[in-house]
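Input: a single structure, listed below in structure tokens.
Numbers restart at 1 for each chain; the letters A, B, ... are given by sequence-line order, proteins then strands.
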Protein chains: 2
Amino acid sequence: AIQTVDVRRHYRMGENVIKAVDGVSVTIKQGEFAALLGTSGSGKSTLMNLIAGLDRPSSGAILVHGRDLAQMSSEELAKYRRHTVGMVFQSFNLVPTMNLAENVELPMRFAEVDRSERDARVQDALKRVRLSARLTHRPSELSGGEQQRAALARALVNKPQLLLADEPTGNLDSRTGEEIMNLIQELNTTLGTTIVMVTHERSLAERYANRLIFLGDGKMLDAGEPATT
Amino acid sequence: AIQTVDVRRHYRMGENVIKAVDGVSVTIKQGEFAALLGTSGSGKSTLMNLIAGLDRPSSGAILVHGRDLAQMSSEELAKYRRHTVGMVFQSFNLVPTMNLAENVELPMRFAEVDRSERDARVQDALKRVRLSARLTHRPSELSGGEQQRAALARALVNKPQLLLADEPTGNLDSRTGEEIMNLIQELNTTLGTTIVMVTHERSLAERYANRLIFLGDGKMLDAGEPATT
Ligand SMILES: Nc1ncnc2c1ncn2[C@@H]1O[C@H](COP(=O)(O)OP(=O)(O)OP(=O)(O)O)[C@@H](O)[C@H]1O
Ligand SMILES: Nc1ncnc2c1ncn2[C@@H]1O[C@H](COP(=O)(O)OP(=O)(O)OP(=O)(O)O)[C@@H](O)[C@H]1O
Ligand SMILES: [Mg+2]
Ligand SMILES: [Mg+2]
């Protein structure tokens, strides 16, 4: 489903170049549940943003269902994001002026889902992440873990083919985290959703994912090879 | 050093009242390293904000070094925060328009530290959290874990008597997380800094803290008692 071909993302900072992603070639098949691991600053979020079509590579190709994201126009990328991808950001990125229900509903409005259907799906998504009692809260009126779960509910509401989750349980206690992981795993086993999940917890990755990908200094490492920094 | 006396923080939402902190009486001695654990939404960040003087209780007292925060004026609370507390927020709260060095310097400017001294302390704080190579980056140009470490560097730069750290390693891989925990523990053992750390990882708490406090539904639980939700 996803194939990156020598993809790079560089940032120029004055005289320096930061090679956030530095030549990554990886193939993730349809229906796979891949965990992306690596030290802080190794390029995980950058790679996720490239696959999500939220950022453009400096060079290389990103093929999703055969189409190269690097060649798409902004409108085509927006359409790809709306219809294919559900994303949980490392910092949640909820809209501060909207309440929880409105935030979760947002992707469906962009995808032009029927209004009658939207309500039911919002309720269902929030029930699954156990936030039904927080519908009217704005993000600042939610705990960190509640915001994280809200971001997941929003990512799921359009039943995306591809779920990109950047640290979906980083702010959750182990029991709540486990519920969330079971929910994500269920999407994979029952709906065949392709999943790429960044996590810092190797044990979590080994328990739920069927494949581990390691990044170090913007490059892919062999499984088990320690990062160089 | 810190004593809360039946402290409560309620939020009114229309007809409902949310009892985020619901009668917590806890004493944390000077120099203690306390870990605060509990499920998502159990009131940990709310309690931390009350102890930091960033939020006022609905009722009850919060005595820090003998003074009741609930009785202080806004100016007195600001002074308390500036001189006594260093805080790492669950969502970091770095200033988006300033770069890393400026963000870390900020508490010293508020505390009116001499300019010549400030530079050296910023460099030292950033070296300890391994961010010397990111001085000129703004928060949006840093990875999640780098932002988290920057927030810690900022919290330490005034050598506070009390360090309140809300999930200081939630966005860090285990090796980087360990370095950060060693740094925090070192403050406690060498400088006698009182530490209250929220964490979701019980193993981390047991390894570094000398005391565990459990919250559930806004109340303190007996050690080992599972949360009711
Ligand atoms: N401003 C607010 N208005 C209404 N309810 C709030 C507000 N802030 C927090 N809450 C509620 O208070 C409860 C406790 O929040 P708090 O942030 O203290 O939890 P927490 O223990 O830090 O959770 P987490 O582990 O998810 O970070 C949550 O259920 C939250 O929805
Ligand atoms: N806009 C930017 N400009 C310059 N450098 C950047 C920018 N965004 C990210 N970086 C740098 O690129 C590197 C990779 O960032 P990225 O966010 O992908 O790391 P990560 O693996 O997700 O880390 P973490 O585990 O801490 O979240 C980091 O060292 C970061 O400082
Ligand atoms: Mg990241
Ligand atoms: Mg919290």
Side-chain angles (χ1 to χ4, degrees), chain A residues 11 13-16 18 20 37-46 48 89-92 94 99 129-131 133-150 166-167 169-177 179-180 198-203 214-216 226-227 229, chain B residues 11 13-16 18 20 37-46 48 89-92 94 99 129-131 133-150 166-167 169-177 179-180 198-203 214-216 226-227 229:
Chain A
Y11 293 105
M13 304 277 295
E15 297 251 329
N16 292 330
I18 292 180
L37 299 111
T39 57
S40 175
S42 56
K44 305 178 298 294
S45 297
T46 304
M48 294 284 274
F89 295 87
Q90 193 167 8
S91 51
F92 322 143
L94 297 168
N99 68 27
V129 299
R130 308 258 237 106
L131 284 180
R134 295 284 181 269
L135 283 174
T136 58
H137 289 232
R138 283 189 308 265
S140 60
E141 296 166 330
L142 292 172
S143 78
E146 290 169 343
Q147 290 176 42
Q148 189 162 38
R149 287 182 274 156
D166 199 339
E167 283 284 353
T169 62
N171 278 283
L172 302 175
D173 55 283
S174 51
R175 216 176 76 195
T176 312
E179 288 172 18
I180 290 306
V198 171
T199 179
H200 287 119
E201 295 181 54
R202 182 153 181 175
S203 51
F214 295 85
L215 280 192
T229 26
Chain B
Y11 293 105
M13 305 276 295
E15 297 251 330
N16 290 333
I18 293 179
L37 300 111
T39 57
S40 176
S42 55
K44 307 178 295 295
S45 297
T46 304
M48 295 283 273
F89 295 87
Q90 193 167 7
S91 51
F92 322 143
L94 297 168
N99 68 29
V129 298
R130 307 259 234 104
L131 284 179
R134 294 285 179 269
L135 282 174
T136 58
H137 288 232
R138 284 189 308 265
S140 61
E141 297 167 330
L142 293 172
S143 78
E146 290 168 345
Q147 290 176 42
Q148 189 162 39
R149 286 182 274 157
D166 199 339
E167 282 286 352
T169 61
N171 278 284
L172 303 174
D173 56 282
S174 50
R175 215 176 76 195
T176 312
E179 289 172 16
I180 291 306
V198 171
T199 179
H200 287 118
E201 295 182 53
R202 182 154 182 174
S203 50
F214 295 85
L215 280 193
T229 27

Heavy-atom proximity to chain B below 4.5 Å, by part of [X]:
X	value
A:Glu146	both
A:Glu141	side chain
A:Leu37	neither

- prompt: Where the side chain of B:Asp173 meets the backbone of A:Ser40, is there a donor-acceptor pair that is under 3.5 Å apart?
  reply: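 Yes; at least one donor-acceptor contact below 3.5 Å.
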- prompt: Between B:Ile180 and B:Val129, is any pair of side-chain heavy atoms under 4.5 Å apart?
  reply: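 In short, these two side chains touch, coming nearer than 4.5 Å.
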field: Heavy-atom pair with the smallest gap, counting every atom of A:Ala20 and A:Tyr11
entry: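 Heavy atoms only, the tightest pair is CB-CE1, 3.7 Å.
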Smallest separation among heavy atoms of A:Leu94 and A:Ala150, with atom names: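 Here A:Leu94 and A:Ala150 meet closest at CD1-CB, 4.0 Å.
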query: Looking at A:Glu201, A:Arg134, A:Gln90, which makes the most heavy-atom pairs under 4.5 Å with chain B?
result: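 Top option by heavy-atom pairs under 4.5 Å: A:Gln90.
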If you count heavy-atom pairs within less than 4.5 Å of chain A, which of [options] leads?
options	result
B:Thr136, B:Thr46, B:Ile18, B:Leu142	B:Ile18
B:Glu167, B:Arg149, B:Lys44, B:Gln148	B:Arg149
B:Asp166, B:Thr176, B:Asn171	B:Asn171

